[in-house]
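Whatever order the structure lists ligands and atoms in, that order sets their numbers, starting from 1. Residue numbers start at 1 and run along the sequence shown. Atoms considered below: every heavy atom in the structure, side chains included; atoms not considered: hydrogens, waters and symmetry mates.
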Amino acid sequence: MTESLRVAISPLDPPNRLLMGSGPSNPEARVLRALASPPAAADDPAHTTLLDDVTVRLRRVFCAGNQKALVVPGASRAGIEAVLASTIEPGDRVLVGVYGHFGELLCTLAGRHGAAVTRVDAEWGRAVDPEELVATIRRSRPKLVAIVHADTSTGILQPLEAIGRACREVGSLFVVDAVLSLGGCELRVDDWLIDAAIGGAQKCLGSPPGLALVTYSDRLRAARADRRTPPFTTYLDVSRLEAKPVSSHLFFGLREALRILEEEGLEARWARHRRASRALRAGIQAMGLELFGDQKDAVPMITLVRVPDGLSEPGVREQLLMQHGVEIMAAFGPLRGRVWRIGSMGTNAYLPSVLRVLSAVEAVLSANGWRLPSGAAVAAAREAFEASS
Ligand SMILES: Cc1ncc(COP(=O)(O)O)c(C=O)c1O
């Protein structure tokens, strides 16, 4: 047997990493076991029952009792693109609130589907001013307003309620990227008058990547039905996805992840993310490191840390990964090279994962000559964890 063939057929042996980056997080063990279930064809009644069950549970996580729910096989952006592509016709006016990389993505996708995009920006590290956005909505009355709820690139949370009310007042559709926030912090689709929200399976839900989770209102369905021209995409057309759901083996895992969430309780999961991030931030600061961004708007699922002068941003990440099996992430755009992003989401929004990443960071920083009080991070994290509920 040639060497290349031997390598090609050798068993898979992926490294076991602690995924403390911007997602995916480590899937729940029960989810991985559920993925070993035998598949059913898309038109098998067993599959229909599974899908119905998943969508009912999904609506509960979105707090979207009044909406449809869809699961789209693909990256999370497949869900975002499905919503935008299904509603936007060439020349439609779309307003986007931008305070990070994923707001830019909303602008790009809306533009690709022919929208005339205008934007209200905030500097990276702050949320968009809701009053400014509301005033712009009232003045410009766009067909659709899109914004990210929790931008993973900046670690900032965007207040949504006033925006939802303004959209309803003037008849705009309100679309929210909830890829990071779903399951990690308060999100109330019905109460906040959101017409479509897109969540990720791979961040706070503890499922692997590969499914986009979508919920949408009758107003959005009507906008799709009233189009003069069909969307540019057939695969990502919500009316087709609704009529002919796509099958995926990943649904087994998602259902188990949703069951685990229900056993824990949605509000308890939001609280667990808050508690884990307080512990993580206390540990980071105890090492003498500085947090990035306006902390009053900081999300509880990811923590941005300024890279101190004299340390190599990629070098530290590489040592964490290769020497400690811990993944943290680089930052995008204007923050690239200046900031690390440390996630505490899903199965890793627990004290043991937080302590492990802190000890690994402490070990790598001291090995790189950074002076810090030994053990202080772990002690501060434990204390903050005990003090919060
Ligand atoms: C807030 C947000 N929106 C959208 C995306 C895009 O997700 P995907 O890479 O799964 O398409 C991400 C990915 O990290 C995200 O964090």
Side-chain angles (χ1 to χ4, degrees), residues 19-27 61-62 70-85 96-113 122 124-128 146-160 175-187 189 194 196-215 233 235-236 248 250 253-254 257 273 277 292-293 297-304 327-333 335-336 339-346 348-349:
L19 301 178
M20 303 287 286
S22 56
S25 56
N26 296 87
V61 185
F62 275 114
L70 265 186
V71 185
V72 185
S76 307
R77 71 192 65 198
I80 303 173
E81 189 152 10
V83 167
L84 297 179
V96 183
V98 183
Y99 59 101
H101 174 81
F102 292 102
E104 297 287 349
L105 176 67
L106 289 171
C107 294
T108 305
L109 292 175
R112 286 280 175 96
H113 289 281
W124 286 38
R126 291 187 187 286
V128 174
I147 198 157
V148 180
H149 185 203
D151 201 310
T152 325
S153 64
T154 58
I156 294 296
L157 188 72
Q158 175 66 45
L160 296 177
V175 173
V176 171
D177 168 345
V179 170
L180 174 62
S181 58
L182 185 71
C185 66
E186 184 175 22
L187 166 68
V189 165
I194 296 170
I198 303 94
Q202 73 279 23
K203 298 191 192 274
C204 302
L205 297 192
S207 210
L211 294 176
L213 317 174
V214 185
T215 171
T233 164
Y235 179 67
L236 294 178
S248 165
L250 292 171
L254 176 62
H273 279 83
S277 66
F292 169 83
D297 292 330
V299 299
M301 298 76 80
I302 195 161
T303 296
L304 274 70
E327 182 206 54
I328 68 167
M329 283 283 182
F332 291 110
L335 304 184
R336 181 171 285 283
V339 160
W340 290 301
R341 297 183 301 147
I342 308 180
S344 49
M345 38 182 106
N348 290 329

Which N/O atoms of ligand 1 sit under 3.5 Å from a protein N/O, and at what distances?
residue, atom, partner, partner atom, Å
ligand 1, 3 (N), D177, OD1, 3.3
ligand 1, 3 (N), D177, OD2, 2.5
ligand 1, 9 (O), R77, NH2, 3.3
ligand 1, 10 (O), S76, N, 3.0
ligand 1, 10 (O), S76, OG, 3.1
ligand 1, 10 (O), Q202, NE2, 3.3
ligand 1, 11 (O), S76, N, 3.3
ligand 1, 11 (O), R77, N, 2.9
ligand 1, 11 (O), R77, NE, 2.9
ligand 1, 14 (O), K203, NZ, 2.8
ligand 1, 16 (O), T152, OG1, 2.3

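- Qualifying salt bridge (Lys or Arg N to Asp or Glu O under 4.0 Å) partners for R126, counting only residues two or more places apart in sequence or in other chains: E123, D294.
- Between N348 atom CG and E327 atom CD the span is 10.0 Å, to the nearest 0.5 Å.
- Side chain of D297 to backbone of I156: no donor-acceptor contact under 3.5 angstrom is found.
- Every pair tested for salt bridge (charged side-chain N to carboxylate O under 4.0 Å, His left out) that includes a residue from residues 200-210 fails, sequence neighbours excluded, so the list is empty.
- Nearest heavy-atom pair, S153 versus R341, reported as atom, atom and distance to 0.1 Å: CA-NH1, 3.6 Å.
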Please list every donor-acceptor pair under 3.5 Å in which a side-chain atom of residues 96-109 meets a protein atom from a residue at least two apart or in another chain.
residue, atom, partner, partner atom, Å
Y99, OH, V148, O, 2.5
Y99, OH, H149, O, 3.2
E104, OE1, R119, NH1, 3.1
E104, OE2, R119, NH2, 2.8
T108, OG1, E104, O, 3.0

